[in-house]
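One structure below.
Only a predicted model underlies this, so the values are computations on that prediction, with no experimental measurement involved.
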Amino acid sequence: MNDFTQEIKSCLEVLENGGLILYPTDTVWGIGCDATNEKAVEKVYRLKNRPDSKALICLVGNDAMLERIVEKVPETAWDIMDLASKPTTIVYDHPRGVARNLIADDNTLAIRVASDKFCRYLINAFKKPIVSTSANIAGEPTPGNFGEITPPILKGVDYVVNLQRNAGNAVSSSIIKLSNDGTVKVIRE
């Protein structure tokens, strides 16, 4: 069995048991968990020392999964995803089928269709969305690469993926809020 397949298998085991993984994404290294498991999501907030009023990002593996967890995907969202020059997270109205503590107070959820090969394979094998939040304590700088991740984060997860650890500095995704009424707001470029 190759490393890639073994890493997917190890992550699936942790995710299915409500644990936390530290994994490379299409942007920065992320702390992840089953986005449908409230207790797992709570562990992420605790590890990051972050109030649960500050929502987390959710990754999906494909367009069909996105359509399952959002009441309505505005047409503009498809255009933004097609035209974006870097990974783009979109904040959608009326998410469904995810942990309640993942949804913001205004009933929105930030979701990105993963473009990274490892993420897509993992999410599609898991058949559920996965939380993705930067691998840092709230208020500290986002690590640009694996070597910048601090010991409290490394020790606080149940599994650390052993791939792409030597990758260069990554950047966070753009974040755009798309309301069902047609309002578009850029939150992070």
Show the nearest heavy-atom pair for residues [X] and [Y], with the distance to one decimal.
{"X": "Ile21", "Y": "Cys11", "result": "CD1-SG, 4.1 Å"}
{"X": "Trp29", "Y": "Val161", "result": "CH2-O, 3.4 Å"}
{"X": "Ser132", "Y": "Thr25", "result": "OG-CG2, 3.7 Å"}
{"X": "Val113", "Y": "Asp26", "result": "O-OD2, 4.1 Å"}
{"X": "Arg120", "Y": "Ala114", "result": "NH1-O, 2.8 Å"}
{"X": "Cys33", "Y": "Val44", "result": "SG-CG2, 3.7 Å"}

Are [X] and [Y] close enough that some pair of their side-chain heavy atoms sits under 4.5 Å apart?
{"X": "Leu59", "Y": "Tyr23", "value": "yes"}
{"X": "Ile153", "Y": "Leu22", "value": "yes"}
{"X": "Asp93", "Y": "Lys72", "value": "no"}
{"X": "Ile90", "Y": "Ile111", "value": "no"}
{"X": "Cys58", "Y": "Ile69", "value": "yes"}
{"X": "Glu13", "Y": "Tyr159", "value": "no"}
{"X": "Ile31", "Y": "Val131", "value": "no"}
{"X": "Asp158", "Y": "Asn17", "value": "no"}

So, taking the atom named [atom1] in [X] and the one named [atom2] in [Y], what distance separates them when rounded to the nearest 0.5 Å?
{"X": "Thr88", "Y": "Arg188", "atom1": "OG1", "atom2": "CZ", "value": "10.5 Å"}
{"X": "Ile80", "Y": "Glu75", "atom1": "CD1", "atom2": "CD", "value": "11.5 Å"}
{"X": "Leu102", "Y": "Ile57", "atom1": "CG", "atom2": "CD1", "value": "10.5 Å"}
{"X": "His94", "Y": "Ser179", "atom1": "NE2", "atom2": "OG", "value": "9.0 Å"}
{"X": "Phe126", "Y": "Leu15", "atom1": "CZ", "atom2": "CG", "value": "4.5 Å"}
{"X": "Thr36", "Y": "Arg100", "atom1": "OG1", "atom2": "CZ", "value": "13.0 Å"}

Any side-chain donor paired with an acceptor under 3.5 Å for Ser173 and Thr27? no
Checking Asn62 against Asn124: is there a side-chain donor and acceptor pair closer than 3.5 Å? yes
Backbone N/O of [Y] and side chain of [X]: donor-acceptor pair under 3.5 Å:
{"X": "Lys177", "Y": "Tyr92", "answer": "no"}
{"X": "Lys128", "Y": "Val98", "answer": "no"}
{"X": "Lys48", "Y": "Ser134", "answer": "yes"}
{"X": "Glu148", "Y": "Gly144", "answer": "yes"}
{"X": "Asn49", "Y": "Ala138", "answer": "no"}

Would you say Val91 ends up clustered with Val184 if hydrophobic residues are merged whenever their side chains have heavy atoms under 4.5 Å apart, either directly or through other cluster members? no
Is Val28 reachable from Leu20 through a run of hydrophobic residues whose side-chain heavy atoms are each under 4.5 Å from the next? no
Run Tyr45 and Leu56 through side chain to side chain contact (heavy atoms under 4.5 Å, CB included) and show every step you take. CA-CA 9 Å; Tyr45 285 120; Leu56 303 170; 3.8 Å; yes
